[in-house]
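What you see below is based on every heavy atom in this structure, not just the backbone, and it leaves out hydrogens, waters and symmetry mates.
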Amino acid sequence: MAKVTYIENNGTEHVIDVKAGLTVMEGAVKNNVPGIDADCGGACACATCHVYVDAAWDSKTGTKSAMEESMLDFAENVEPNSRLSCQIKVSDELDGLVVRMPESQH
Amino acid sequence: MGSVSAHVVVLGAGHAGGTLVALLRQYGFEGPITMVGDEPIGPYQRPPLSKAWLKGEADADSLALKPLEFYAENQIDFRPNISATALKRADKLVELSDGSTLSYDLLVIATGMRPNKLPLPGAELSGVLSLRSAADAEELKSHLKPGHHVAIIGGGYIGLEVAASARALGAEATVFEREARILSRSACEVLSTFFTDYHRARGVTFELGAQIERLVGEGGKVTGVKMADGRTIPADAVLVGVGGKPNDEIAADAGLETARGVVVDLEARTSDPSIFAIGDCSHRPLPHYDRMFGPESVPSALEQAKQVACAITGRPAPTPEVPWNWSDQYDLKLQIAGLPFDADQILVRGDPASGKFAIFHLKGDQVQSVEAVNAPPEYMMGRQLIGNRKHVNLDRLADPSVSMKEVAA
């Protein structure tokens, strides 16, 4: 279990206990947190679960696959700390993780 | 609009219905919501059923859109194992299969599709399966093991995804396709040929232009596929993937306009202003193509769920999306954006033999659709080009050494 803080683009915070093994995307979607659409359900096919990972967590959230990198390269409002949240698996190590949502996923 | 306390009744608890009720609460709708579904479980994702689920890489919890307690916690009255049997529009009432009735202020029809049955003798044998529900997938899974041979009738995406999963699990797979090539309804020949070759190289057998006479069995259980040329191809199970039919009868019987699906507008509203229809049961406008269509896809269902949630809560309508879809087979990710309506030319970017390429369907120098295999830049940029109707330099598009960003610049 890890506490993950999801911050909407308008500043609204959602602190969610996410089970280890789920992805950061699933933690949001299953708890109806707005701002992460995840249209493809985690297949890395749509880039609608885009988040910004707080710098402190950069090294713990793992590296991007070529597929993720490539999808993000063409998403809107991409920053160096952009990730697809369906590609970040939650573990106890990520307790306290903070992710922020972009203005729009489409 | 702004119907903050209206009773919303949702018929169908699939991807469309399940997404809609969650969005309504997310958007602050406080009125009563009732959702009825004919399956025993809550809304779940269907796409993994032909892939991760068969391979044991997904479980019921991971498939579920929301944990079951979500519905009660959010004052959503979810009733499983129930379907609607009649719609009485004059009384704003639906009759349900358990004999009860529900009154609505706003009704959303999200009843999905059902798989077509094989119109051949032997289709009723045990071991002849279709794949729509989690229960279907569970039954199919029991047949996908080493030493077993699964016959797949229909060379569409479901059939091909199951063939790939069967091979991953060590089962033999034969795909029977009535047309001369697989994916004949949905993809161009270059893509059909590529997927046929890719599957063949991984042990899948194809019977193309297949004339099936009947399914044969012993003791009520299917044992093979009898062809018109006299051969009988043995099978431990037969998966029928020959398309589906929208569950639109309840709407048609109530006098709503239907045309292979319930006809809706860009708010997903039917010809009755109190009734919406979303997902596979609907026949919807496609703004980028100036026509009506039933996309039969999860992304379309999600977009329509958003349209309805916005209409009910008085939010501005969402920007129309370019239709898209995807398919995972082996290590291939196919991403499709747009639909090839009115295309007059096909352009292949990259070499299919490399396993990384994209096919652009063009109308003049504008992109109508793109089919991208392991090629996210082509998919992502292609989708934008379809949306913005930009004129493209075709020589540059055909040259993979020119990046997609430069092509679109």
Side-chain angles (χ1 to χ4, degrees), chain A residues 1 6 8-10 12 14 16-50 64-78 82-87 89-90 101 103-106, chain B residues 15 19 21-28 44-48 51-52 58-59 61-67 70 73-74 297-303 306 318-322 324-328 331 333-337 372 374-384 387 403-405 408:
Chain A
M1 197 74 93
Y6 299 87
E8 289 184 60
N9 196 254
N10 65 13
T12 311
H14 305 261
I16 308 277
D17 286 320
V18 184
K19 216 165 62 176
L22 293 182
T23 63
V24 171
M25 176 278 283
E26 289 174 303
V29 169
K30 294 200 188 270
N31 289 284
N32 213 19
V33 173
I36 292 182
D37 292 353
D39 287 355
C40 75
C44 200
C46 69
T48 64
C49 64
H50 177 195
K64 291 175 238 184
S65 69
M67 188 73 183
E68 181 186 350
E69 188 101 49
S70 199
M71 291 293 290
L72 274 172
D73 202 20
F74 292 86
E76 304 271 326
N77 304 312
V78 176
S82 286
R83 290 293 309 267
L84 294 181
S85 56
C86 73
Q87 301 299 305
K89 271 250 195 281
V90 172
M101 270 87 108
E103 194 182 340
S104 157
Q105 295 286 0
H106 286 272
Chain B
H15 223 129
T19 301
V21 298
L23 279 179
L24 281 172
R25 289 298 184 233
Q26 212 178 85
Y27 292 0
Y44 58 90
Q45 305 181 58
R46 295 188 200 278
K51 307 177 273 269
D59 59 22
D61 282 352
S62 66
L63 282 195
L65 293 189
K66 301 278 185 276
F70 168 85
E73 283 168 11
N74 287 276
S297 74
V298 167
S300 173
L302 301 183
E303 184 188 18
K306 259 179 243 165
T319 312
E321 289 172 24
V322 172
W324 71 278
N325 216 336
W326 81 98
S327 175
D328 290 320
D331 54 348
K333 184 173 296 295
L334 169 67
Q335 294 165 295
I336 303 169
N374 288 352
E378 280 71 12
Y379 163 72
M380 292 293 276
M381 206 43 109
R383 191 170 155 179
Q384 288 178 30
S403 79
M404 282 307 293
K405 283 187 179 166

- Could you check which of B/P377, B/A375, B/P48, B/A52 has the highest count of heavy-atom pairs closer than 4.5 Å to chain A? B/P377
- Query: Non-hydrogen atoms of chain A under 4.5 Å away: do they reach the side chain of B/Q26, the backbone, both or neither?
  - Reply: both
- Task: Pick one of side chain, backbone, both or neither for A/A47, based on which atoms fall under 4.5 Å of a heavy atom in chain B.
- Result: side chain
- Task: May I ask you to check if B/K405 and A/F74 form a cation-pi contact, with NZ or CZ under 6.0 angstrom from the six-membered ring centre and within 45° of the axis?
- Result: yes
- Side chain, backbone, both or neither: which part of B/S62 has a heavy atom under 4.5 Å from chain A? both
- Task: Would you mind reporting whether A/V29 and B/K66 have side-chain heavy atoms less than 4.5 Å apart?
- Result: yes
- Contact summary for B/D61 and A/K30, nearest pair of heavy atoms: O-NZ, 2.8 Å
- What residue, out of A/A66, A/G42, A/S70, has the most heavy-atom pairs lying under 4.5 Å from chain B? A/S70
- Query: So which part of B/Q384 gets closer than 4.5 Å to some heavy atom of chain A, the side chain, the backbone, both or neither?
  - Reply: side chain
- Output the distance between atom CE (A/M71) and atom OH (B/Y379), rounded to the nearest 0.5 Å. 6.0 Å
- Item | Rounded distance [0.5 Å steps], CD in B/Q335 versus CE in A/M67 | 4.0 Å
- Task: Could you tell me which non-hydrogen atom of B/W326 sits nearest to which non-hydrogen atom of A/A45, and how far apart they are?
- Result: CG-CB, 3.8 Å
- Does anything in residues 36-47 of chain A pair up under salt bridge (Lys or Arg N to Asp or Glu O under 4.0 Å), and if so which pairs, sequence neighbours excluded? A/D37-B/K306
- Item | Interface moiety of B/P47 toward chain A, non-hydrogen atoms closer than 4.5 Å | neither
- Of all heavy-atom pairs between A/A43 and B/D328, which one has the smallest distance, and what is that distance? CB-OD2, 3.9 Å
- Query: Which value, rounded to the nearest 0.5 Å, describes the distance between B/R383 atom CZ and A/C46 atom SG?
  - Reply: 7.5 Å
- Item | Heavy-atom proximity to chain A below 4.5 Å, by part of B/L302 | side chain
